Amino acid sequence: MDRLVALCKRRGFIFQSSEIYGGINGFWDYGPLGVELKKNLKDAWWHDIVRCPAIGPDNEFLEMVGLDCTIIMNPKVWVASGHVGGFSDPMVDCRETKNRYRADHILVAEATVSRNSKRDSLGNLAVLDGDTSVTDWLKRANKFAKKSGGGEVFPVNIDAFAKYTNLTREEQLLVIGPDTDKPGTLTEPRQFNLMFESYAGAVQDDSSKVYLRPETAQGIFANFRNVVDTSRVKVPFGIAQIGKAFRNEVTPRNYTFRSREFEQMEIEFFIRPDTAHEWYKFWRDSRFKWWQGIGLTSSHLQLREHDKDELAHYAKEGAGTSDIEYKFPFTDPGYGELEGVAHRTDFDLRQHAQHSGLGDKLKYFDQELQLQLQAQGLAKEEIDKRCKYFPHVIEPSAGADRGTLALLCEAYTDDPGRPSGVVMKFHPRMAPIKAAIFPLVDKDGMPEIAAKLYQDLRTTWNVQVDNKQNIGKRYARMDEAGTPFCFTIDSQTLQDQTVTVRHRDTLQQERLNIAQVRSFLAEKIG
RNA sequence: GCGGGCGUAACUCAGUGGUAGAGUCACAGCCUUCCAAGCUGUUGGUCGAGGGUUCGAAUCCCUUCGCCCGCUCCA
């Protein structure tokens, strides 16, 4: 990983943001090669999702439209989405053990023990919220009882627990932390607001407070009505968006993997509620195949269905959530999430219907269903009731920066056999530079032929000419940039109009007529 | 936020109190007929920053900033 980070810096893929001022934690810049790589990823996504989407499970072309929303929206959006409440979890530190807990995950109950037919207190014991809270607590209580002279602990049930957050500060000071044996080691709960705040307008007070969006999805939900009213889309259809999002992470870590400013590629796909399972499976599987199709072909890519207990609040009742994960060098042997595919039910549209006051006006009217039901001869009231609904949503949400990082990790290949010692084996569609053109020597008319070929190819692809230094160094530079093809003009070119093409991954060369170079690249890159 | 480690040239590093160095890269020129060959030259560092000790600090002390690893959180 260190070698990859060094290469990214050296070749201009990724720089630390504002490096000359000492950098800033959790923010990263893309250099000349990195921006091409990331743009290729985003362009491929936009092309394959919006412009040229696959055939759906209903054997129809998918109906997809794009959207580009602002980063700052009316703050009520974030109240409705639950981010204002849910993204500011109070945290508690333990001074003794240096552990940190979510305050609302700490449960407290007084432990009492029976001694000499009296009931003695052992103190207010804390445990972490979970399936085993009661048994964990009992184990601790028994341990405390044993230490302090025996006796039988009075059992408790789940209702006996108080949340740490609901205690007064005086009560909190009496709590014995989850991993200590003394009271008073836990700090006061502190807010970690995961949304960046700013102010719209000159006056900085609560009335002008705004947030930088923590996800692009809410802009899509907020525009649901506009898109339906203006673009003739019919359920099932999707709205796609690529854009920046911001989360004030407690600990940005692992290179660009958890950045505070990052870019998402999100789809909200609106469907009839009763078709959720088939659409969920469709998106889960097609998104997995897509990542494979742009070069993540190794066993480092995996699809993982979420367990019930890790589902987000809005997805509990849904068809499921799964992650497309990549085994990064820093997560190995674990995996890190590239994209989440979630059935969000109708949670978000309902929230916005309620908070905006629009209510049923935000519902979708399904005219196709209306025709079907009319044909079945149902009563008008029944038809209206069933045709007007909040569509359910399947959300494939991918990280563009994480995707770019996965492409870099996948491509990185040590090869002591070649001069550079390392080669970036990007899929040709993703490669920042598609081809390089080398005059074997910088004279005898070769540079002129190279320039002519460059003039032709650059109208379609990002190509480079390099006539500096010997040919080996030039190949080595292109290996580190991950350029899949190098065309070399040599003395034979002067006689028969052929050039050599050198394949990055195999080092093999073949001769090609210079007139065929364009069709060769078109076939290999698409 | 807490604990541990690390900051010297664009990169990899040497330099433990006495004039800041090496290799690589980059750039210019020469040379060069297929994988970082060779020659000449050039650019580039207030040694992360600030303060202190000292005749003198990259080096010792304090503070601070940034990065890496762990805890917590998370896409």
Side-chain angles (χ1 to χ4, degrees), chain A residues 1-3 5-12 15-26 87-103 105 128 179 187 190 192 194 214-217 245-260 262-266 310 312 323-325 330 336-340 342 395 397-403 405 415 417-423 438-444 446 467-480 486-494 499-502 504 507 509 511:
Chain A
M1 189 65 198
D2 289 345
R3 289 198 304 266
V5 173
L7 182 138
C8 284
K9 168 89 191 284
R10 179 158 41 88
R11 303 302 323 192
F15 306 126
Q16 194 185 10
S17 171
S18 34
E19 191 187 77
I20 61 168
Y21 290 102
I24 175 167
N25 202 2
F87 263 78
S88 52
D89 299 322
M91 304 296 295
V92 167
D93 288 317
C94 177
R95 293 194 187 89
E96 183 81 10
T97 62
K98 309 299 179 197
N99 286 336
R100 167 172 290 179
Y101 317 95
R102 268 180 63 171
H105 280 185
L128 295 180
D179 301 298
T187 63
R190 278 174 301 194
F192 280 74
L194 289 188
E215 61 176 25
T216 56
F246 303 81
R247 290 188 195 174
N248 202 357
E249 296 292 344
V250 181
T251 311
R253 204 53 76 76
N254 288 333
Y255 206 29
T256 62
F257 184 77
R258 187 179 302 152
S259 300
R260 287 179 166 144
F262 58 103
E263 200 156 16
Q264 293 184 307
M265 306 185 291
E266 287 199 305
E310 57 178 323
D323 283 349
I324 296 162
E325 302 182 322
F330 49 78
E337 180 180 345
L338 281 188
E339 172 160 359
E395 177 195 77
S397 168
D401 305 274
R402 290 183 172 188
L405 184 57
D415 184 356
R418 65 176 76 206
S420 56
V422 59
V423 54
F438 301 150
L440 186 57
V441 290
D442 199 14
K443 59 181 182 187
D444 299 342
M446 294 181 198
N467 47 17
K468 290 280 157 40
Q469 301 175 302
N470 69 68
I471 192 83
K473 286 192 178 183
R474 288 181 261 170
Y475 282 140
R477 277 197 285 269
M478 287 303 159
D479 280 346
E480 287 197 333
C486 297
F487 301 105
T488 300
I489 288 106
D490 59 13
S491 58
Q492 196 181 326
T493 311
L494 306 174
V499 296
T500 63
V501 50
R502 178 258 201 186
R504 176 196 63 201
L507 303 178
Q509 290 188 18
R511 289 203 82 89

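Computed from heavy atoms alone, side chains included, the values below leave out hydrogens, waters and symmetry copies. All of these numbers come straight from a predicted model, not from anything done at the bench.
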If you define the side chain from C-beta out and look only at heavy atoms, does anything of A:E215 sit under 4.5 Å from A:R247?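 Yes; the side chains approach each other to less than 4.5 Å.
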When rounded to the nearest Å, what value does the distance between C1' atoms of B:rC27 and B:rC34 take?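 So the two C1' atoms sit 24 Å from each other.
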How far, in whole Å, is B:rG38 from B:rU32 if one measures between their P atoms?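 It comes out at 16 Å once rounded to the nearest Å.
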Which nucleotide, B:rA28, B:rC73, B:rC25, lies nearest any side-chain atom of A:R258?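 Taking heavy atoms from C-beta onward, the closest nucleotide is B:rC73.
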Out of B:rC74, B:rC11, B:rA26, minimum distance to the side chain of A:R247 belongs to B:rC74
On RNA chain B, more 5' by nearest nucleotide between A:G26 and A:L338 is A:G26
When the distance from [atom1] of [X] to [atom2] of [N] is rounded to whole Å, what number comes out?
{"X": "A:M478", "N": "B:rC25", "atom1": "CE", "atom2": "C1'", "value": "15 Å"}
{"X": "A:D415", "N": "B:rC35", "atom1": "CG", "atom2": "P", "value": "15 Å"}
{"X": "A:N248", "N": "B:rC74", "atom1": "CG", "atom2": "P", "value": "14 Å"}
{"X": "A:R11", "N": "B:rU24", "atom1": "CZ", "atom2": "P", "value": "17 Å"}

From the list A:N467, A:T488, A:V441, A:T493, side-chain contact (heavy atoms from CB on, under 4.5 Å) partner of A:M446 resolves to A:V441
Hey, is the main chain of A:A476 close enough, under 3.5 Å, to the side chain of A:R418 for a donor-acceptor pair? no
Which distance, rounded to the nearest 0.5 Å, do you find between the CG of A:D490 and the CD1 of A:I471? 9.0 Å
Heavy atoms only, 4.0 Å cut-off, all strands: where does A:F262 land among base, sugar-phosphate and nothing?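 If one applies the 4.0 Å heavy-atom cut-off, A:F262 turns out to touch a base.
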For A:E266, which contact category applies under a 4.0 Å heavy-atom criterion: base, sugar-phosphate, or nothing?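 Here A:E266 touches no strand at all.
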Pairwise N/O distances under 3.5 Å, protein to nucleotides 30-34 of chain B:
| residue | atom | partner | partner atom | Å |
| --- | --- | --- | --- | --- |
| B:rU33 | O2 | A:S491 | OG | 2.9 |
| B:rU33 | N3 | A:S491 | OG | 3.1 |
| B:rC34 | O2 | A:Y475 | OH | 2.5 |
| B:rC34 | O2 | A:Q509 | NE2 | 2.7 |
| B:rC34 | N3 | A:T500 | OG1 | 3.2 |
| B:rC34 | N4 | A:D490 | OD2 | 3.0 |
| B:rC34 | N4 | A:T500 | OG1 | 2.8 |

Using Watson-Crick geometry (N1-N3 plus N6-O4 or O6-N4) or G-U wobble (N1-O2, O6-N3), each under 3.5 Å, B:rC2 is paired with B:rG70
Ring pair (Phe, Tyr, Trp, His ring centres under 6.0 Å) partners for A:F257, two or more places apart: A:F328, A:F330
For A:S397, enumerate each residue passing the side-chain contact (heavy atoms from CB on, under 4.5 Å) test, keeping only those at least two apart in sequence or located in another chain. A:Q264, A:E266, A:E395
Does a side-chain N or O of A:N254 approach OP1 or OP2 of B:rC69 to a distance below 4.0 Å, or not? yes
